[in-house]
Chemist: 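What follows is a structure written as structure tokens; I'll ask about it next.
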Amino acid sequence: MKNLSRRIIKTSESLLTKWDSEIKETAENGKDIISLNAGQPDFSIPSVIEEEICEVASEKGNNSYTPVEGIAEVRETVSLFQEKVFSMDYRPKEIILTNGAKEGIFLSLGALTDPGDEIVIIAPYWSTYREIINFFGGKPVVANTNKDFHLNIKEIENVAIKTKAVIINSPNNPSGAIYTERELERLAEIAKRYDLYVISDEIYGSIRYNHKNHCSIASVKGMKERTVVVNGFSKVFATTGYRLGYTLSSEEIAKAMLKIKSNSTGNTNSFFQMVITNILSNSFNRFDKLIASSENMRKEFGRRRNFLCRKLDELGIEYAAPEGAFYVFARIPDKFRIASSEKFSRYLLDKTGVAVAPGIFFGDNFDDFIRISFASSMENIKEAMERMKKII
Ligand code: PLP
């Protein structure tokens, strides 16, 4: 038989998804597992969403295709949401609803990447960026961050001349870093000087601990037209399975992305588009209720973050305290460093039943790290730390 496409041979399955399936299989085989590997909030959906789901499910007519870019009313709602929550001003024509933020990354890279194009990813990075760049025949070029996981502008500038686009993710998975306004302004200067696009993944934008406001590079002067913002409702409302994300971009880029979407997924889940729009547009009371339940979630993440950091201090494990998102990217203790991060994670799973993500999944330089997710109950985190203490 002839080979599969060269581009698919060059693309790997998502390492995190694969590892998560392995953890679940181990649990199904009877092992007592505490997973601190999750990339999704562990909360049940906010009650306002639950109620609206029942309403929408009982209405006729929500089973049809929607416009490729999403229902107009829903895009109006997203425009309002972005303005109210992030002070960002986008017209519905500049908004595309996507099946999760992941599709937003796929569409934006599809619209911008020609074979051979160099696309900069900032390490540590979410490995999906690298794989989608590979899929489109581009070349992922890694720029490292500083020790505190903040942008190293020099590193980016060094490769900028040959670069087509830079992907940033703030608040960051896995490090929890939130790039400051000054950092983003400096990156924007480079983007303008070297004529680069920026894809800004802001999916964790609402999950911040000490930063009052979310900063987007798209809000820096002259950046809106060269930035595609990727965001969505998965993390902020604990609705990962409903797959509702969106992109914010110039109309020109939006039209380019729609060429891919109209020939691939066709449209985004009609059902959940209606649920969100009914809540966010019809009554400010429900909008506020939804924002309040997301705020409660954020506060609970904050408590767990502080507890986890305290426990890691007690164990003598090094980390940079996360400023946002729900992960701690921690250094593997010295005595285990002879093993790779994958070996250490398997050892931890085998000996203690605690599951974390190996650092190597986030870049070649991070084989002495693990990512610990605190999207798990406080009891689970306490128990996991007790178990880790025994082997460490
Ligand atoms: N971007 C980052 C950095 C993520 O960590 C994730 C999910 O873990 C996504 C995007 C995907 O989000 P969604 O579930 O909306 O596709």
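One-based numbering, in listed order, for ligands and for the atoms of each.
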Chemist: Going by distance only, is there an N or O of N99 that falls short of 3.5 Å from an N or O of ligand 1?
Modeler: no
Chemist: Can you report which non-hydrogen protein atom sits closest to atom 12 (O) of ligand 1, along with the distance?
Modeler: A101 CB, 3.6 Å
Chemist: Answer with yes or no whether the hydrophobic clustering places I122 together with I132; edges join I, L, V, M, F, W, Y residues whose side-chain heavy atoms lie under 4.5 Å apart.
Modeler: no
Chemist: Considering heavy atoms of the protein only, find what lies nearest to atom 9 (C) of ligand 1 and give residue, atom and distance to 0.1 Å.
Modeler: W126 CH2, 3.2 Å
Chemist: Does the ring pair (Phe, Tyr, Trp, His ring centres under 6.0 Å) test come out yes or no for Y209 and F301, once each step is laid out?
Modeler: CA-CA 9 Å; Y209 301 109; F301 278 136; 7.5 Å; no
Chemist: Note the single closest protein heavy atom to atom 2 (C) of ligand 1, along with its residue, its atom name and the distance in Å.
Modeler: D201 OD2, 3.4 Å
Chemist: Of the listed options (K102, E103, K235), which comes nearest to atom 8 (O) of ligand 1 when hydrogens are ignored and any heavy atom counts?
Modeler: K235
Chemist: Geometry only, no angles: is G100 polar-contacting ligand 1 at N/O separations under 3.5 Å?
Modeler: no
Chemist: Report, in ascending order of atom number, the atoms of ligand 1 lying under 4.0 Å from any heavy atom of R243.
Modeler: 13 (P), 14 (O), 15 (O), 16 (O)
Chemist: Select one of side chain, backbone, both or neither to describe which atoms of N173 lie under 4.0 Å from any atom of ligand 1, heavy atoms only.
Modeler: side chain
Chemist: Kindly confirm or rule out an N or O of N169 lying under 3.5 angstrom from an N or O of ligand 1.
Modeler: no
Chemist: Under a single-linkage rule joining Ile, Leu, Val, Met, Phe, Trp and Tyr whose side-chain heavy atoms are separated by less than 4.5 Å, which residues share a cluster with I178?
Modeler: none
Chemist: Where on Y125 is there a heavy atom closer than 4.0 Å to ligand 1, on the side chain, on the backbone, on both, or on neither?
Modeler: neither
Chemist: For V120, is there any backbone N or O sitting under 3.5 Å from a side-chain donor or acceptor partner on T163?
Modeler: no
Chemist: Ring centres under 6.0 Å, that's the criterion: do F336 and Y347 meet it?
Modeler: yes
Chemist: Tell me whether ligand 1 is touched by Y204 - counting only heavy atoms on the residue side and a distance under 4.0 Å.
Modeler: yes
Chemist: Taking salt bridge (charged side-chain N to carboxylate O under 4.0 Å, His left out) as the cut-off, I'd like each qualifying pair that reaches into residues 265-279, sequence neighbours left out, listed once.
Modeler: none
Chemist: Using a strict 4.0 Å cut-off to heavy atoms of S234, name the atoms of ligand 1 that fall inside it.
Modeler: 13 (P), 14 (O), 15 (O)
Chemist: Work out whether the distance between some heavy atom of I203 and some atom of ligand 1 is less than 4.0 Å.
Modeler: yes
Chemist: Quick one: CG on L97 to OG1 on T247, what's the gap to the nearest 0.5 Å?
Modeler: 8.0 Å
Chemist: Contact between ligand 1 and Y129 is defined here as a heavy atom of the residue under 4.0 Å from a ligand atom; is it met?
Modeler: yes
Chemist: So that I know where these two stand, are F374 and F307 an aromatic pair - ring centroids less than 6.0 Å apart?
Modeler: no
Chemist: Within the supplied structure, the quantity of interest is the number of heavy atoms (other residues, nucleotides, ligands) at a distance under 6.0 Å from I161 CD1; does it exceed 12?
Modeler: no
